[in-house]
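Contents: one structure, followed by commentary.
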Amino acid sequence: MIKSYRSIGEVVGPLMAVENVSGVKYDELVEIEMQDGTIRRGQVLEVSDDRALVQVFEGAAGVNLEGSKARFMGHPFMLSVSEDMIGRVFDGLGEPKDGGEPLIPEKRLDINGEPINPMARDYPDEFIQTGVSAIDHLNTLVRGQKLPIFSAAGLPHQELAAQIARQAKVLNSDENFAVVFAAIGITFEEANFFIDDFRETGALEHSVMFLNLASDPAMERISTPKMALTAAEYLAFEKGMHVLVIMTDLTNYCEALREISAARREVPGRRGYPGYMYTNLATAGRIRGKKGSVTQIPILTMPEGDITHPIPDLTGYITEGQIILDRSLQEAGVNPPIDALTSLSRLKDKGTGEGKTRDDHAATMNQLYAAYSRGKEAKELAAILGETALSKADQIHARFAERFEKEYINQGFTTNRTIEETLDLGWELLSMIPRDELKRIKDDMLDKHLTKEGLI
């Protein structure tokens, strides 16, 4: 039931207090009719007795207390959903912004959603191929997983996000796959990059895009991830699709939360961020008895590159690992600059092996880690003592580390490698190392892939 009031009593920043209300509920959608007849939308943040605190999406600047009217719509913020969303571009409030026809909705869903019952979750164990070797082989993404990418200002996380969006697919499955891409607080230039890239590569044909610009209101930055997850859950659990949700940049979302929290005069947490900062995004997974799944790759830039900052720190509590981009690799011309040694996927063992990727996946992964780590240590020692001070084995590992970065990690943003191509490249690099140094691979597997002279 719609209720209208002309009792706007106070406006502070994006917040507006409406007095003498009744029957108003938390999260209810509000329409504010300005004195000139224009409409702004808002959401109820708090109800106390007969007073409602409303957050105005477009900001409350210019609201005339006497000449404006607040209409409480009787329902929360909703997203119109349909399979026709695929291939379309929307703004952070779910409105089409691609110039196409209005979406004819199959239904309207509350963007706040409901948490998945933990007992209904199915364990993630199916491999998702991103086409990026450093992820597929070393930090495997599994269907239903949350695997964030930790970046820093100036690193090419946007290019990596676009690459994953156009290349990702579930192997050994003929079921429908879709990407929901949410860009949060990005510049106009970045928005054009994503739209042009998706259209030119054909990725838009299986994607739903939500774009929120830096010039848009802070409240829209908070709603954009909710819109994306609502669309993803609809496609996954009602249409049976495998959905990969890519969100960039979640740091902008967190900054908007802090801004709104300060305006509400809430008790701040670490560095002023609210304590509930990330809990409402902890949605991903598979549900028993349902075909579809939601997999998340949230991308965030660590303020000042600090991994102990509250944003990456709290993100780590609800995710199953992290992919970390390294500035020194990027400066050396390695793209994508993924730091293989500090990155981690906690579910990688569940999505690899015979029948999923290949039987030599885990063994080669462990051996590549060990060889690369030893090679990095050898290079650091050579920088101090000189290469002649290294043993022959250390010299080989140092050369291995150089080739590993230049040939394996450095695949660029347009190369799409299958997991077989990545595994074969791993064996080619491991053939540099004497067989008796390959201690993490069983003899029968070495016999299958290597001869005394090197690669078969």
Side-chain angles (χ1 to χ4, degrees), residues 29 41 57-58 77-113 158 161-170 175-217 219-250 252-253 281 283-284 292-299:
L29 182 65
R41 288 183 291 181
F57 294 156
E58 296 89 347
F77 203 95
M78 312 289 281
L79 173 66
S80 298
V81 294
S82 160
E83 278 195 83
D84 293 335
M85 299 178 75
I86 298 174
R88 300 293 303 273
V89 181
F90 301 87
D91 64 18
L93 296 176
E95 299 295 333
K97 65 175 303 177
D98 53 7
E101 295 293 325
L103 186 72
I104 300 176
E106 182 178 304
K107 58 171 58 178
R108 291 171 60 79
L109 298 177
D110 180 358
I111 67 168
N112 296 295
Q158 310 289 33
Q163 181 180 20
I164 294 173
R166 65 176 177 266
Q167 295 179 177
K169 63 179 180 178
V170 179
E175 298 176 46
N176 290 333
F177 183 79
V179 173
V180 174
F181 187 90
I184 308 163
I186 63 173
T187 64
F188 184 76
E189 181 181 6
E190 289 171 328
N192 281 339
F193 163 76
F194 285 124
I195 292 174
D196 292 344
D197 184 90
F198 275 50
R199 283 179 175 158
E200 290 171 4
T201 61
L204 189 59
E205 295 176 5
H206 64 267
S207 301
V208 183
M209 294 187 72
F210 292 88
L211 297 181
N212 163 252
L213 300 180
S215 57
D216 292 329
M219 185 58 194
E220 189 173 320
R221 275 191 279 290
I222 294 176
S223 70
T224 303
K226 295 181 180 181
M227 293 285 174
L229 291 174
T230 300
E233 289 172 351
Y234 164 77
L235 294 173
F237 304 134
E238 297 194 29
K239 297 301 177 181
M241 302 180 74
H242 301 316
V243 183
L244 175 62
V245 182
I246 302 175
M247 295 186 285
T248 179
D249 179 347
L250 277 188
N252 295 329
Y253 161 82
L281 287 181
T283 302
S293 62
V294 177
T295 306
Q296 273 193 54
I297 300 184
I299 299 174

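Here the structure is a predicted model, which is why all the values come from computation and not from measurement.
Residues D216 and R221 are not paired through a salt bridge, judged by the lack of any N-O separation under 4.0 Å between the basic side chain and the carboxylate.
Applying the side chain to side chain donor-acceptor pair (under 3.5 Å) test to every pair with at least one member in residues 92-106, sequence neighbours left out, gives these pairs: R88-D98, E106-Y234, E106-K239. Annotation: side chain to side chain donor-acceptor pair (under 3.5 Å) contacts involving residues 179-195, sequence neighbours excluded, comprise Q158-E190, T187-E190.
Looking at heavy atoms from C-beta onward, L109 lies out of side-chain contact with M78 at the 4.5 angstrom threshold. Between N176 and H242, the closest side-chain pair of non-hydrogen atoms is not below 4.5 Å. Looking at R41 and L93, their side chains come closer than 4.5 Å, going by heavy atoms from C-beta outward. Proximity of L244 to F177: side-chain heavy atoms (C-beta onward) are separated by under 4.5 Å at one or more points. Between I246 and V180, every side-chain heavy-atom pair lies at or beyond the 4.5 Å cut-off. With a 4.5 Å cut-off on side-chain heavy atoms, E238 and K107 count as touching. Side-chain contact check for F188 versus L213: some heavy-atom pair is nearer than 4.5 Å. Side-chain contact check for S82 versus I104: every heavy-atom pair is 4.5 Å or farther apart.
Rounding to the nearest 0.5 angstrom, the gap separating the CD atom in E200 from the CG atom in D197 is 7.0 Å. Here the CG atom belonging to D249 is positioned 11.0 Å from the CE atom belonging to M247, to the nearest 0.5 angstrom. Atom CD of E205 is separated from atom CZ of R199 by 12.0 Å, given to the nearest 0.5 angstrom.
When all heavy atoms of L103 and M85 are compared, the closest pair comes out as CD2-CG, 3.7 Å. Looking at every heavy atom in both residues, I299 comes nearest to A161 through CD1-CB, 3.3 Å. Closest approach of F237 to S293, counting heavy atoms only: CE2-CA, 4.3 Å. The shortest non-hydrogen separation linking S207 to F198 is OG-CE2, 3.8 Å. In terms of heavy atoms, I184 sits closest to N252 at O-ND2, 2.8 Å.
When ring centroids are compared, F210 and F181 stay outside the 6.0 Å threshold. Ring pair F77/F57: centre-to-centre distance below 6.0 Å.
Between the side chain of N212 and the backbone N or O of G92, no donor-acceptor pair lies under 3.5 Å.
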### Residue pair L79, R108: steps toward the side chain to side chain contact (heavy atoms under 4.5 Å, CB included) verdict
CA-CA 5 Å; L79 173 66; R108 291 171 60 79; over 6 Å; no
### Task
Just do the side chain to side chain contact (heavy atoms under 4.5 Å, CB included) check on D91 and L211 with the steps written out, would you?
CA-CA 5 Å; D91 64 18; L211 297 181; over 6 Å; no
### Task
Before giving the answer on side chain to side chain contact (heavy atoms under 4.5 Å, CB included), spell out for V179 and V245 the whole-Å C-alpha distance, their side-chain angles and the decisive distance to 0.1 Å.
CA-CA 6 Å; V179 173; V245 182; over 6 Å; no
### Message
Under the criterion side chain to side chain contact (heavy atoms under 4.5 Å, CB included), I'd like the reasoning laid out for I86 against L204: C-alpha separation, chi angles, the key distance, then a yes or no.
### Response
CA-CA 8 Å; I86 298 174; L204 189 59; over 6 Å; no
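Every side-chain contact (heavy atoms from CB on, under 4.5 Å) that P105 has, sequence neighbours left out, goes to S80.
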